[in-house]
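The structure appears below as structure tokens.
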There are 2 protein chains.
Amino acid sequence: MRTLEHPSPADFDLDAVLSALADPVRRMIVCQLADGHQDQACIAFALPVGKSTSTHHFRVLREAGIIEQRYQGTAILNSLRAADLDTRFPGLLAAVLASARGPVSPR
Amino acid sequence: MRTLEHPSPADFDLDAVLSALADPVRRMIVCQLADGHQDQACIAFALPVGKSTSTHHFRVLREAGIIEQRYQGTAILNSLRAADLDTRFPGLLAAVLASARGPVSPR
DNA sequence: CCGTTTGTACGAACACCTTCGTACTACGAC
DNA sequence: GTCGTAGTACGAAGGTGTTCGTACAAACGG
């Protein structure tokens with residue numbers, strides 16, 4: 001079985017996390033994960049880039065500690081490491097997610 | 001009198017703000033501003049880069065809407081636009097500042 | 001075994017970002 | 001007017017990041 005490297009919360013780096021979240025494609029991934037796309041394969045995400053570019057972005061997110069990736073067959077199940085992020089950078093993910101939702105949509 | 005362009009909160013762009021905050025030198029500036037360096041000249045900040053590079057970083061922060069710059073003589077007074085940022089991206093600046101203070105330093 | 005699906009590795013192209021040095025401008029003080 | 005201070009403009013160098021296409025590997029199903 002193939003496994004993937006994940007940093008532990010103590011090794012999270014603010015630079016890496018902010019750089020990761022600064023890219024629009026990666027924010028799309030994070031937003032879709034937060035919108036109930038938990039445990040979906042990379043291919044299930046709607047992204048405006050090719051397959052190898054997609055791989056690249058998922059890896060950047062994983063190496064920053066923002067997502068967890070688990071092999072299941074030939075696919076990878078992706079999930080947000082919301083709790084881990086919050087222990088190290090409290091409120092950061094929530095603020096970025098809320099900001100990414102659009103200007104001010106009180107619904 | 002020279003004036004400098006500042007975006008209004010409605011024009012703030014999450015991409016620009018996160019990209020700006022993703023750079024370590026710019027986070028130093030923001031942290032020093034939050035640490036009571038309000039209304040200080042650019043030259044008063046402790047930064048590990050040359051003068052022209054410093055100018056570049058201050059401009060990036062200003063154009064993202066993170067700081068306000070006001071001429072006073074030959075100097076520029078810099079201040080954090082904390083309130084403006086908070087209306088557009090609530091909690092974002094606070095979360096980044098708290099995260100930048102170091103892992104977990106309850107003092 | 002063979003084919004399909006899912007993702008990776010690799011290299012190349014291209015753009016952008018950070019950094020610097022030098023020359024310059026604007027303002028204030030003398 | 002002249003000088004010093006604070007910051008800008010400009011160009012160049014070097015690194016890094018995003019993107020793609022193509023070729024490849026790993027797991028599953030029949």
>> Rounded to whole Å, please give me the gap between CD1 in B:Ile43 and P in D:dG7.
In response: 6 Å

> Is the phosphate of D:dA25, meaning OP1 or OP2, less than 4.0 Å from a side-chain N or O of A:Arg2?
Replying inline: no

>> Distance check needed: D:dA27 C1' versus A:Ile76 CD1, whole Å only.
In response: 12 Å

> Does B:Pro9 offer a backbone N or O that forms a donor-acceptor pair with the side chain of B:Arg88 under 3.5 Å?
Replying inline: yes

> Do the side chain of A:Asn78 and the main chain of A:Asp39 share a donor and acceptor less than 3.5 angstrom apart?
Replying inline: no

>> Would you compute the distance between atom CD1 of A:Ile29 and atom OG of A:Ser54 and round it to the nearest 0.5 angstrom?
In response: 5.5 Å

> How many Å lie between CD on B:Glu5 and C1' on D:dG7, as a whole number?
Replying inline: 18 Å

> Do the side chain of A:Asp86 and the main chain of A:Gly91 share a donor and acceptor less than 3.5 angstrom apart?
Replying inline: yes

> Backbone N or O of B:Phe45 within a donor-acceptor pair of the B:Gln40 side chain at under 3.5 Å?
Replying inline: no

> When the distance from CD of A:Gln40 to P of C:dT6 is rounded to whole Å, what number comes out?
Replying inline: 12 Å

> Is a side-chain donor or acceptor of A:His57 paired with a backbone partner of A:Thr55 at a separation under 3.5 angstrom?
Replying inline: no

>> Please compare A:Thr74 and A:Ser19 by the position of their nearest nucleotide in DNA chain D and report the one closer to 5'.
In response: A:Ser19

> Quick one: A:Leu47 CG to D:dC20 P, roughly how many Å, whole number?
Replying inline: 11 Å

> Taking five pairs at each end of the helix from C:dC1-D:dG30 to C:dC30-D:dG1, what angle separates the two helix axes (nearest 10°)?
Replying inline: 20°

> Taking the six-membered ring of B:Tyr71, is the NZ or CZ of B:Arg2 close enough (under 6.0 Å from the centre) and on axis enough (within 45°)?
Replying inline: yes

>> How many whole angstroms separate atom CG of B:Asp23 from atom P of C:dT18?
In response: 5 Å

> Within the distance-only criterion (no hydrogens, no angle test), does the side chain of A:Ser19 pair as donor or acceptor with the backbone N or O of A:Ala16 below 3.5 angstrom?
Replying inline: no

> In residues 48-69 of chain A, which residues come under 4.0 Å of DNA chain D by heavy atom?
Replying inline: A:Val49, A:Gly50, A:Ser52, A:Thr53, A:His56, A:His57

> Between A:Thr53 (side chain) and A:Val49 (backbone), is there a donor-acceptor pair under 3.5 Å?
Replying inline: no

>> In this structure, how many angstroms lie between the C1' atom of D:dG7 and the CD atom of B:Gln72, rounded?
In response: 14 Å

> Expressed in angstrom and rounded to an integer, what is the separation of A:Tyr71 atom OH from C:dT6 atom P?
Replying inline: 13 Å

